[in-house]
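One-based numbering along the sequence shown. In listed order, ligands and their atoms are each counted from 1.
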Amino acid sequence: MVYLNGNFIPKSKAYVSVMDRGFLFGDGVYEVFPVYGKKIVGEELHLKRLQEGLDAINIVNPHSNENWSLLIRELISYHQDYHNQSIYLQISRGCDDDRKHTHGDLMPTVYMQSTPFASKSKNDLLKGSAAITRDDIRWNQCNTKSTSLIANIMYAQDAKNHQAEETILCRNGVITECSSSNVFIVNDNCIYTHPEGPYILPGVTRKIVLNCARDCQILAKEKTFTKQDLMKADEVWITSSTREIMPITSVDGILINDGRIGDVWSLIYDRYQELKNTN
Ligand code: PMP
């Protein structure tokens, strides 16, 4: 079952008009909520980011947070056979009578679907993962979770073509984030990640990881770092709602810290699992 504009219907019956601006222009925003059993991790933070995205592109939020919560829970309830599910929520500006760049006030199109997902076990993560780096050519409003994802899609496909997990992005020598995750390094037991602002998506997992660092009394700084810092870091990890916290052991074919996975990652990973599994 999926949710489309007020109704829960089978995915095979869910259609939108070719005039939908989501289809024509990628004119919309989206969110992804990770759900473990019935627990939605970071629900409030995801709804807050959704509101900020809608504000940024001038779409009136079609629902209150209370309503979203109810709708998301109803969608979850249709998929109880999924152990973990990720809820994809998209709001596009809606349909006009013809294709034109400008728009009047339209009725937004609201779509939600659920996909099962399995987070990797700690043992699997300990095998390490590869990443590649590319220049970050995206616009200066990466903090808006826009459905216009062409650059991110190209980076993700590039990683796949290189048998890598992710593409780490570099803007003027500074590491920003990845195609669909945030990036962290550890040096001398201090965690670094790019500060919030126009160059990264403010990841919900990123925020939770910073709280985990505080809980574990590990120093964490929201401070930029360079590609050279990345290559000689003690640890590199990426974070997202569905990947959780994943250690990266090679970048552009070069091993990070001789391919060793660090103790800081292990502590933060364990703390994140604790939080995710408590109600
Ligand atoms: N950066 C980008 C570009 C992303 O697409 C994502 C995933 N939505 C993230 C970071 C991680 O965000 P979150 O932790 O909220 O999933």
* Any idea how His46 and Phe33 line up, ring-wise: parallel (<30°), tilted (30 to 60°), or perpendicular (>60°)? -> tilted
Under a 3.5 Å threshold, I'd like every N/O contact between ligand 1 and protein atoms, with atom names and distance.
from	atom 1	to	atom 2	distance (Å)
ligand 1	1 (N)	Glu177	OE1	2.6
ligand 1	8 (N)	Lys145	NZ	2.4
ligand 1	14 (O)	Val204	N	3.4
ligand 1	14 (O)	Thr205	N	3.0
ligand 1	14 (O)	Thr205	OG1	2.6
ligand 1	15 (O)	Arg49	NH1	2.9
ligand 1	15 (O)	Arg49	NH2	3.0
ligand 1	15 (O)	Val204	N	2.8
ligand 1	16 (O)	Ser241	N	2.9
ligand 1	16 (O)	Ser241	OG	2.8

* **Results of side chain to side chain contact (heavy atoms under 4.5 Å, CB included) for Ser250 - residues two or more places apart only** => Ala130, Leu255
* Asked: Tell me the side chain to side chain donor-acceptor pair (under 3.5 Å) pairs involving residues 8-18, sequence neighbours left out?
  -> none
* **Residues Lys48 and Glu44 bridged, charged N to O under 4.0 Å** => no
* To do: Could you verify whether a donor N or O on one side chain and an acceptor N or O on the other, from Lys221 and Tyr192, lie under 3.5 Å apart?
  => no
* **Pairs involving residues 167-176, ordered by first then second residue, that meet salt bridge (Lys or Arg N to Asp or Glu O under 4.0 Å) (sequence neighbours left out)** => Asp136-Arg171
